[in-house]
Protein chains: 2
Amino acid sequence: MKTLTADANKTHRKILKKTKQKEAILRVLKNTMSHPTAAWIYDEVRKELPHISLGTVYRNLRLLRAQGEISELEIIGDCRRFDGDTSNHYHGRCDRCGQVVNIDESMSKRLDWGISRETDFTISEYRLEFHGLCRDCRKLETKE
Amino acid sequence: MKTLTADANKTHRKILKKTKQKEAILRVLKNTMSHPTAAWIYDEVRKELPHISLGTVYRNLRLLRAQGEISELEIIGDCRRFDGDTSNHYHGRCDRCGQVVNIDESMSKRLDWGISRETDFTISEYRLEFHGLCRDCRKLETKE
DNA sequence: CTACTTGCAAAATATTTGCGTTATT
DNA sequence: AATAACGCAAATATTTTGCAAGTAG
C-alpha cells in the first residue's frame with residue numbers, strides 16, 4: 001500500500017539553507033499584527049531588499065509554513081493571509097471593514113472538547129474564527 | 001459621517017429574478033455533501049444546462065451567498081469551497097487527503113461562549129474548523 | 001417595457017514554476 | 001563542489017467584468 005505523502009516526509013529531507021530573503025520575510029511577519037497578504041509582505045521586504053521577487057516570497061511563505069514557523073489564516077477573501085504568531089489564538093473578522101483582529105488567548109483555555117473521543121475524527125488542531133463587528137465599526141453601526 | 005456599505009444595503013434593493021441557472025446551482029449545492037468548488041459546481045450544472053458559463057456560476061454563487069442561501073468555507077487551499085447547508089455546523093479537514101467532513105451538529109450545543117460580553121468584539125457568527133485525520137486516513141497512519 | 005441575468009470573451013488577480021545564475025553549507 | 005535558493009519571466013489557476021442579447025416580472 002502506497003502512502004506517498006508520508007514517505008516523502010520520511011525519506012531524504014531537504015537541508016534548508018538560511019538566506020537573507022527568508023530571514024527578512026520571517027522578521028516582517030513576526031513584527032506585524034496585521035495578518036498580511038503575500039503582496040503586502042513583498043512590498044514590506046522590498047524596502048530592505050529591493051531586488052527580491054514575489055516568487056521568492058511565495059516560495060518562502062510555503063517553506064516557513066511547512067516548518068510551522070508561520071501559519072496561514074482561513075479567511076474568505078481575495079487572497080491568503082499569513083500570521084507570524086503560531087500560538088493557539090483565534091481571529092475575529094469585522095463584517096464591515098474586513099479587519100482581522102486577535103481574540104484574547106485566555107479564551108483558548110476554555111476549549112477542551114474531547115471531541116476526538118466522541119467522533120471519528122482525530123483532531124490535531126482547531127481554528128476558530130468569529131465574525132462580527134470590531135469596536136470602531138460597532139460605534140458606526142449604533143450611530144446610524 | 002458616510003457609511004457607504006450600510007447605505008447601499010438600505011437604499012433601493014435590487015429585485016432578484018428567478019432563473020433556471022440559479023435554481024440549478026442551488027439544487028446541486030443542496031444535494032451534495034462534498035463542499036465543492038465553483039469549477040465542480042460548473043461541471044455538475046452543465047450536465048443539465050450545457051451552455052451555462054462559468055461566469056454565471058460565480059455570479060450566482062455570490063448572489064446566493066449574499067442572500068444567506070449558501071455559505072462559503074474558510075478552507076486553506078487552491079480555491080474557494082461552498083456549502084449548501086447553512087446551519088451552524090463545523091468542519092473537519094483531513095491533513096492527509098484534504099477531505100472536508102462535517103462535524104456532528106450536536107457539538108454546536110456546547111458552544112456558548114458569551115465572548116461578546118467579555119471582549120470588544122460583537123459576534124454574529126463563528127466558524128470552527130478542526131484539522132486532523134479522518135477515519136480512513138487514521139487507519140493508514142497506524143498501519144505504517 | 002424595464003432592468004436583472006446570461007453567455008462569451010477578455011481582463012484582472014493570485015499563485016506557481018522553469019531556468020539559468022547566485023549563494024550557502 | 002553540491003545543491004538549495006534566487007530573480008526573472010512565463011505559465012497557471014481562479015475570479016471578475018464589459019457588453020450585446022435574452023428573459024423574468
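Everything numeric here is computed off the predicted structure, so don't read it as measured data.
With sequence neighbours left out, the side-chain hydrogen bond (donor to acceptor under 3.5 Å, both in side chains) criterion links A:E44 to A:K47. Looking at residues two or more places apart in sequence or on another chain, you find no side-chain hydrogen bond (donor to acceptor under 3.5 Å, both in side chains) involving A:T37. With sequence neighbours left out, A:Y42 forms a side chain to side chain contact (heavy atoms under 4.5 Å, CB included) with A:R46, A:I52, A:L54, A:V57. Applying the side-chain hydrogen bond (donor to acceptor under 3.5 Å, both in side chains) test to A:R62 and every residue at least two apart in sequence or in another chain returns nothing. Under the salt bridge (charged side-chain N to carboxylate O under 4.0 Å, His left out) criterion, A:E23 pairs with no residue at all, not counting sequence neighbours. B:T19 is linked by a side-chain hydrogen bond (donor to acceptor under 3.5 Å, both in side chains) to nothing, counting only residues two or more places apart in sequence or in another chain.
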Quick one, give me the B/S/- string for nucleotides 1-12 of chain D, reading 5' to 3', where B means a protein heavy atom under 4.0 Å from the base and S means that only happens at the primed atoms, P, OP1 or OP2.
--BSSSBB----
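Close to D:dT17, at under 4.0 Å from its OP1 or OP2, lies a side-chain N or O of B:R62. OP1 or OP2 of D:dT15 lies within a sub-4.0 Å distance of a side-chain N or O belonging to B:Y58.
Axis deviation across the helix from C:dC1-D:dG25 to C:dT25-D:dA1 amounts to 40°, comparing end segments of five pairs, rounded to 10 degrees.
B:I15 forms part of no hydrophobic cluster, judged by ILVMFWY side-chain heavy-atom separations under 4.5 Å.
At whole-Å resolution of the value, CG in B:L54 and P in C:dT6 are 13 Å apart. To the nearest angstrom, P of C:dT16 lies 16 Å from OH of A:Y42.
At a threshold of 4.0 Å, the pair B:K30-B:E69 does not count as salt-bridged, since none of the basic side-chain nitrogens sits closer than that to a carboxylate oxygen.
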